[in-house]
**Q** 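Got a structure for you, written out below as structure tokens; questions coming shortly.
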Amino acid sequence: MEEATLSFKARAERALADPTLKIAIDRTTGTAERKRAVAMSQFPQFDAARERGKRIKDHVIANLDHYLLEFERNAIASGAKVYWAATAGEASQIVVRLCKEAGAKRVTRVKSMLGEEIGLPHALDEAGIERVETDLAEHIVQLGGDRPSHIVWPSMHRTREQVSEMFKRLHRAPHQEETIEAMVDSARRELRDKFLSADVAISGANFLIADTGATCTVTNEGNAELTTTPPRVHIVTAGIEKLVPSMGHAIAMLRLLVRSATGADVTQYTTFHCGPKQPGDRDGPEEFHIVLVDNGRTRMLREGLKEMLRCIRCGACMNHCVVFRQLGGHVYGGTYPGPMGAVLTPVLDGLEKSRDLPHACTMNGKCQEVCPVAIPLPTLLRGWRDRSWREGLEPASVRFGLGMHAFFALRPGLYRMATAIAIRVMRLFSRGGVVRGMPGLGAWTAYREFPAPAKRSFMEMYKEQENQR
Amino acid sequence: MSTREAILDAVRGALGHKTVDGAALRREADALLADLPAIRPDLLADGLVEAFIARLVTPKVAATAERIADARELPAAVARYVEARGLPAAIALQPAAVLQALDWSGFDVHDRVAPDETLAVGFARWGIAETGSLVFHSDAETPILANFLPLHHLVMVRASTVLAYLDDYAAATAGQRPPRNVNIITGASGTTDIEGSLVLGAHGPRYLHVVIVGEATDQSAR
Ligand code: SF4
């Protein structure tokens, strides 16, 4: 059965029963978590930087109309053409039309989550335009014929063994040696001539710089510049929330983004693209198009989700999410997985279809803690739960569960007592920090270990701290 | 109503109507970049060039670096590099006047970078001590592809143009017409896309060697 048509529960059960998937997820998220921790230990300014990053994004969002117009004006002055798209469909149509006008047979693409969000890969395939994904992970996803499962490591659901098998089957001159280095080399050989022979390059943008009209991409592979330089036409698609006032503000955000995403201090390649080839330039595209995409963002602004517009797509929230780390990204069913995906998908795909997502959360608060722009993800998720309840989308069993939640929420004393009891009961079933085979957790602990709860609940510890003051 | 107007209207509707004073907004935006030392990392050494080199050779950046006193010593440095690695003495030379003015006898020199180029020699306008980055602007002397196609990239940068922080680069170029591309390059190309482990030489260069020329004009890091 097609994954997309399965219910969340069915997808989750399938993922839980897949031992290879668990290995793949653990290898990447484990590394990401460790590297981020090291990067943070070397950046004691993180808390202050995060507060500033949050304020920069809030400032832009509060003046979004102004910054959009400033960006548009400067981009046009640099020789770019600017387009506006209200929906995913409109955005894809604009890109496909531009490709057709350019007579494109082959387009190269730099990974962009917005491109995924607007369904661009599919739209290009439908239009019969050869699409070459140049980011290594997206290349793996394209060869595997599936979907990205993480916003920074789209192919994290694949083990090296699986990648090796695919490359051997599909590359023209595949690797001989079973090392990751040899596999990366195989992809390098496979893609090199495609970079140079494409008619159109399509990228996203990590930032849009209002005072110059430039777009900024960050990559580690160098595929962005190899993609966007040779073709005659470069098309950028970007969400309207990507704006920052100036390059200086982008730099402040970059310090947060990169450390949170990969644990590096800066990506290997940070490039600001401003307009088409200039007189005298040795290379570069003759046409530069920028498509500004709303697709639900103004609705988020209107409907109490404006804090989510701060998101810089670093992926830290999913790397640190206990649910994501058990299930992987495909289970979420939308473009964006993990905690941020659980907030965004109801906007993009409708709450009715995705109402399970806000429930797939333990409310442990880890995501908010690591988020480099301090988005209160648990609060936003709770907002969706409440809304789902109000709109009567919840089936009886969940309504009962939520009813209990509301019951306790209104009676905090009772709630504290109940969680204190629950924690002690769970600890009875835990061995060495994990819970196994506890009655009531069923399928979950049949395949997975459940992290044992802290010895005392947060509220108990919080109260103790308060008392000590 | 055009889509553009509809989106702008939706934004304004959600934000509540107000008149925007561009100058006040600019002041507000500038204030967000006040007190930068509180929100950026410390440098790895006191001197700018020392901090730059210390960062370049960290495992995260994984570049190599050396210093020479004068640009005229660059060809000899390239010769040593080529010899130590057993590479052919053929180089793609970035068409920058400072490089072309040097004596490259003994090398097979060309200025177009081939798709499978082994070694390209380039010139970066700035170095950044904070991150160990090199900054290039696309122009008549700087083809962008030359930074991405070769397997080995050997880059000269002047000690006097090593800046402390990325912000200093932004400040140095603020208000100028930006080039088509600003490339900020930090180390060799890498990927962590297969199981999160870092492998160098993904699509761009696998090796980056930085040659710093001369002395810094200002020896102290701010
Ligand atoms: S919500 Fe925060 S942590 Fe998650 S991807 Fe966005 S910025 Fe990163």
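Computation of the quantities below employed the complete heavy-atom set of this structure, encompassing side-chain atoms and omitting hydrogens, waters and symmetry-equivalent molecules. Each chain gets a letter, A, B and so on, in the order its sequence line appears, and its residues count up from 1.
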**Q** Does any backbone or side-chain atom of A:Phe288 lie under 4.5 Å from a heavy atom of chain B? Answer side chain, backbone, both or neither.
**A**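 Neither part, no heavy atoms under 4.5 Å.
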**Q** A:Leu301 versus chain B, heavy atoms under 4.5 Å apart: side chain, backbone, both or neither?
**A**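 A:Leu301 touches chain B through backbone and side-chain heavy atoms alike.
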**Q** Of the options B:Leu15, B:Leu25, B:Val11, which is the one that meets A:His66 in a side chain to side chain contact (heavy atoms under 4.5 Å, CB included)?
**A**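 That would be B:Leu25; it is the only one of B:Leu15, B:Leu25, B:Val11 passing the side chain to side chain contact (heavy atoms under 4.5 Å, CB included) with A:His66.
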**Q** Okay, side chain of B:Arg180, backbone of A:Lys277: is any donor-acceptor separation there less than 3.5 Å?
**A**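 Here the side-chain-to-backbone pair does not exist.
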**Q** Looking only at heavy atoms, which two atoms of A:Ala85 and B:Ile7 are closest? And how far apart?
**A**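 Scanning both residues completely, I find the closest heavy atoms to be O-CD1, 3.5 Å.
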**Q** Would you give the length of the straight line joining atom OG1 of B:Thr3 to atom CH2 of A:Trp84, rounded to the nearest 0.5 angstrom?
**A**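 Reported value, rounded in 0.5 Å steps: 10.5 Å.
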**Q** Would you find a donor on one side and an acceptor on the other, under 3.5 Å apart, between the side chain of A:Arg52 and the backbone of B:Leu32?
**A**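 Checked: pair present.
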**Q** Taking atom types as modelled, is there a side-chain donor on A:Gln45 or B:Asp42 under 3.5 Å from an acceptor on the other?
**A**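 Side-chain D/A pair, A:Gln45 to B:Asp42: present.
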**Q** Examine whether an atom of A:Thr159 lies under 4.5 Å from a heavy atom of chain B, and if so say whether it belongs to the side chain, the backbone or both; otherwise answer neither.
**A**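 For A:Thr159, the contact with chain B is made by backbone and side chain together.
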**Q** In terms of heavy-atom pairs under 4.5 Å with chain B, which of A:Cys274, A:Gly222, A:Gly213 leads?
**A**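 Top count of heavy-atom pairs under 4.5 Å with chain B: A:Cys274.
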**Q** Heavy-atom distances under 4.5 Å only: say whether A:Glu138 touches chain B with side chain, backbone, both or neither.
**A**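 Neither part.
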**Q** Counting heavy-atom pairs under 4.5 Å to chain B, which of A:Ile56, A:Thr31, A:Asn63 comes out on top?
**A**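 Highest number of heavy-atom pairs under 4.5 Å: A:Asn63.
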**Q** Quick check against the 3.5 Å criterion: does A:Trp153 have a side-chain atom that pairs as donor or acceptor with the backbone of B:Glu195?
**A**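 Flag not set: sc A:Trp153 to bb B:Glu195 has no pair under 3.5 Å.
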**Q** Below 4.0 angstrom, N of the basic side chain to O of the carboxylate: do A:Arg255 and B:Glu130 qualify?
**A**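 Counted as a salt bridge, because a side-chain N and a carboxylate O are separated by less than 4.0 Å.
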**Q** Just give me the residue among A:Ala214, A:Pro276, A:Ala187 that pairs up with chain B most often, heavy atom to heavy atom, under 4.5 Å.
**A**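 Highest number of pairs under 4.5 Å: A:Pro276.
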**Q** Should the pair A:Phe195 and B:His203 be assigned to parallel (<30°), tilted (30 to 60°) or perpendicular (>60°) ring geometry?
**A**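 Rings of A:Phe195 and B:His203: perpendicular, as their planes differ by over 60°.
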**Q** Which heavy atom of B:Ile194 sits nearest to which heavy atom of A:Arg160, and what is that distance?
**A**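 The pair with the smallest heavy-atom distance is CG2-CB, 3.8 Å.
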**Q** Check each atom of A:Leu196 against the heavy atoms of chain B and say whether the ones under 4.5 Å are side chain, backbone, both or neither.
**A**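 The side chain, not the backbone.
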**Q** Return yes if some donor-acceptor pair links the side-chain N/O of A:Asp283 with the main-chain N/O of B:Leu145 below 3.5 Å, else return no.
**A**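 Yes, because the side chain of A:Asp283 sits within donor-acceptor range (under 3.5 Å) of the backbone of B:Leu145.
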**Q** Which heavy atom of A:Arg282 sits nearest to which heavy atom of B:Pro143, and what is that distance?
**A**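 Heavy atoms only, the tightest pair is CB-CB, 3.6 Å.
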**Q** For the side chain of B:Lys60 and the backbone of A:Val266, is there at least one donor-acceptor N/O pair under 3.5 Å apart?
**A**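 No; zero donor-acceptor contacts below 3.5 Å.
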**Q** Quick check on the interface: out of A:Ala32, A:Ser155, A:Ala62, A:Ala252, who has the most heavy-atom pairs with chain B under 4.5 Å?
**A**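 Of the candidates given, the most pairs with chain B belong to A:Ala62.
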**Q** Stepwise, does the salt bridge (Lys or Arg N to Asp or Glu O under 4.0 Å) test hold for B:Glu28 with A:Arg55?
**A** CA-CA 11 Å; B:Glu28 212 179 292; A:Arg55 279 169 48 205; over 6 Å; no
**Q** Return the CG to CG distance between A:Asp193 and B:Asp116, rounded to the nearest 0.5 Å.
**A**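 Here the rounded value is 11.0 Å.
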**Q** Please state whether the side chain, the backbone, both or neither of A:Val218 comes within less than 4.5 Å of a heavy atom of chain B.
**A**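 Interface part for A:Val218: neither.
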**Q** Would a distance-only check, ignoring hydrogens and angles, find a side-chain to backbone donor-acceptor pair under 3.5 Å from A:Gln278 to B:Pro178?
**A**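 Yes, A:Gln278 side chain to B:Pro178 backbone: donor-acceptor pair under 3.5 Å.
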**Q** Taking atom CD1 of A:Ile251 and atom CG of B:Asp167, what is their separation to the nearest 0.5 Å?
**A**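 Output value for this atom pair is 5.0 Å.
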**Q** Among A:Arg27, A:Glu221, A:Arg302, who wins on heavy-atom pairs under 4.5 Å with chain B?
**A**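 Heavy-atom pairs under 4.5 Å are most numerous for A:Glu221.
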**Q** Which atoms form the tightest heavy-atom contact between A:Lys35 and B:Gly196, and what is the distance?
**A**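 Shortest heavy-atom contact: NZ-O, 3.5 Å.
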**Q** So what's closer than 4.5 Å to chain B heavy atoms on A:Glu70: side chain, backbone, both or neither?
**A**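 The answer is the side chain of A:Glu70.
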**Q** Verify, without hydrogens or angle tests, whether A:His249 (side chain) and B:Ala29 (backbone) share a donor-acceptor contact under 3.5 angstrom.
**A**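 Side chain of A:His249 to backbone of B:Ala29, a donor-acceptor pair under 3.5 Å: yes, one is there.
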**Q** Locate the shortest heavy-atom distance separating B:Arg40 from A:Phe43; write the atom from each residue and the value.
**A**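 Minimum heavy-atom separation between B:Arg40 and A:Phe43: C-CE1, 3.7 Å.
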**Q** Give the minimum heavy-atom separation between B:Ala202 and A:Val184, together with the two atoms involved.
**A**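 It is CA-CG1, 3.7 Å.
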**Q** Distance check, rounded to the nearest 0.5 Å: B:Asn183 atom CG versus A:Thr270 atom OG1?
**A**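 Result: 9.5 Å between the selected atoms.
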**Q** Measure the CG-NE2 distance between B:Asp193 and A:His139 for me, rounded to the nearest 0.5 Å.
**A**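 Spacing of CG (B:Asp193) from NE2 (A:His139) equals 11.0 Å.
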**Q** Measure the spacing between CZ of B:Arg12 and OG1 of A:Thr298 and express it to the nearest 0.5 Å.
**A**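 That separation rounds to 12.5 Å.
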**Q** Quick check on A:Ile140 against chain B: is it the side chain, the backbone, both or neither that has a heavy atom closer than 4.5 Å?
**A**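 Looking at A:Ile140, just its side chain touches chain B.
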**Q** Between the side chains of A:Gln268 and B:Ser189, is a donor N or O closer than 3.5 angstrom to an acceptor N or O?
**A**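 The criterion, which ignores hydrogens and geometry beyond distance, is not satisfied for B:Ser189 and A:Gln268.
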**Q** Determine, for A:Asp294 against B:Arg4, whether the closest basic-nitrogen to carboxylate-oxygen distance falls under 4.0 angstrom.
**A**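 Not counted as a salt bridge, because no side-chain N and carboxylate O are separated by less than 4.0 Å.
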